[in-house]
S.K.: 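One structure is given below, represented as structure tokens, and several questions about it will come after.
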Amino acid sequence: MVMIAPSLLAADFGNLRQEVERLETSGADMLHWDVMDGHFVPNLTFGVPVIEAMRGASRLPFDVHLMVEKPEKMLGWFAKAGADYITVHAEAVADLRQTIEQIHALGVKAGVALKPQTKPEVLREVLAMVDLVLVMTVEPGFGGQKFMREMLPKIGLLKEMKGDKRLILSVDGGINRQTAPDAASAGADMLVAGTAVFTGANIRENINFLR
Ligand code: DX5
Ligand code: ZN
């Protein structure tokens, strides 16, 4: 069964703690934190203090999706804030292997995110080391965008490359009740969803439907 990682980007930031608690009681598998710096992507969200403050509100694993330039220098901060997974963009780091080793040395699981135009081949050398691959099915930067169906073959290719490795193949962007089945049958182990989880009154029902 596919895992669901709600993105807090679509949460009510005025009541973030209740939102985090609500996700846990509604059956989320992991929480997805979209950190944006206004440089790697045009948008700006939240950073270390917010994640650190929310760490105590949930026992769920935290995946911190770093949409920032030069994430290398921030890894220690997010590890200390309580990240279980730190996901860096392949396009943002100077040396992917070294960055993954740096994340592991902090005692954190390492994820690598790929923008839509980035070829899965960039992972070839490091696939055996990574704990999570995040396939972007929208251009990173904003929630509520349309799922890029043309990414489905890329998900399939990554599933093939993954073979029997233990890494989580996660898909992020535009996941909703219509697109979730396609992403899952293409090979996703985990679906990240913001809008589709928080729209309407019943988060539990939304999560269950997607799963
Ligand atoms: C986009 C983020 C995604 C996105 C998910 O830059 O990485 O996590 O916000 O939001 P929805 O589900 O609304 O596409
Ligand atoms: Zn994300």
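Numbers for residues simply follow the sequence, beginning at 1. Order of appearance sets the numbers: ligands from 1, and atoms from 1 within every ligand. Below, all heavy atoms of this structure are taken into account, side chains as well, without hydrogens, waters or symmetry copies.
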S.K.: With heavy atoms of Pro140 as the reference, note each atom of ligand 1 found under 4.0 Å away.
M.R.: 6 (O)

S.K.: Tell me the protein heavy atom at minimum distance from atom 9 (O) of ligand 1, and give that distance in Å.
M.R.: Leu9 CD2, 2.9 Å

S.K.: For Ala193, take its heavy atoms, then give the atoms of ligand 1 lying under 4.0 Å from any of them.
M.R.: 12 (O)

S.K.: Using distance alone, decide if ligand 1 has a nitrogen or oxygen within less than 3.5 Å of any nitrogen or oxygen in Glu139.
M.R.: no

S.K.: Please determine whether salt bridge (Lys or Arg N to Asp or Glu O under 4.0 Å) holds for the pair Arg124 and Glu121, giving the CA-CA distance in whole Å, both sets of side-chain angles, and the decisive distance to 0.1 Å.
M.R.: CA-CA 5 Å; Arg124 207 62 73 199; Glu121 282 69 38; 3.7 Å; yes

S.K.: For atom 6 (O) of ligand 1, what's the nearest protein heavy-atom neighbour? Residue, atom name and distance, please.
M.R.: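 Looking only at protein heavy atoms, the one closest to atom 6 (O) of ligand 1 is Gly141 N, 2.8 Å.
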
S.K.: Show which atoms of ligand 1 fall inside a sub-4.0 Å distance from at least one heavy-atom site of Met67.
M.R.: 6 (O), 7 (O)

S.K.: Phe142 heavy atoms, cut-off 4.0 Å: which ligand 1 atoms fall inside?
M.R.: 1 (C), 6 (O)

S.K.: Could you list the atoms of ligand 1 found under 4.0 angstrom from a heavy atom of Thr195?
M.R.: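 The atoms of ligand 1 under 4.0 Å from a heavy atom of Thr195 are 11 (P), 12 (O), 13 (O).
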
S.K.: Provide the number and element of each atom of ligand 1 under 4.0 Å from a heavy atom of His32.
M.R.: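 Contacts of ligand 1 toward His32, numbered from 1: 8 (O).
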
S.K.: Before accepting this row, confirm whether a basic side-chain N of the pair Asp84/Arg59 lies closer than 4.0 Å to the acidic partner's carboxylate O.
M.R.: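 The answer is no: the pair does not qualify as a salt bridge.
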
S.K.: What atoms in ligand 1 come closer than 4.0 Å to a heavy atom of Met36?
M.R.: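 Reading through ligand 1 atom by atom, the close ones are 6 (O).
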
S.K.: What's the shortest distance from atom 14 (O) of ligand 1 to any protein heavy atom, and which residue and atom give it?
M.R.: Gly174 N, 2.9 Å

S.K.: Nearest protein heavy atom to atom 5 (C) of ligand 1, by residue and atom, and its distance?
M.R.: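 Sorting protein heavy atoms by distance from atom 5 (C) of ligand 1 puts Asp172 OD1, 3.6 Å first.
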
S.K.: By number and element, which atoms of ligand 1 are closer than 4.0 Å to a non-hydrogen atom of Gly173?
M.R.: 14 (O)

S.K.: Given that the side chain starts at C-beta and the backbone is N, CA, C, O, which of these parts of Asp34 lies under 4.0 Å from ligand 1, counting heavy atoms, or is it both or neither?
M.R.: side chain

S.K.: Show the numbers, then the answer: is there a side chain to side chain contact (heavy atoms under 4.5 Å, CB included) between Lys154 and Val171?
M.R.: CA-CA 11 Å; Lys154 181 172 171 180; Val171 173; over 6 Å; no

S.K.: Taking only Lys NZ, Arg NE, NH1 and NH2, and the carboxylate oxygens of Asp or Glu, determine whether Arg22 and Glu19 approach each other closer than 4.0 Å.
M.R.: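 Counted as a salt bridge, because a side-chain N and a carboxylate O are separated by less than 4.0 Å.
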
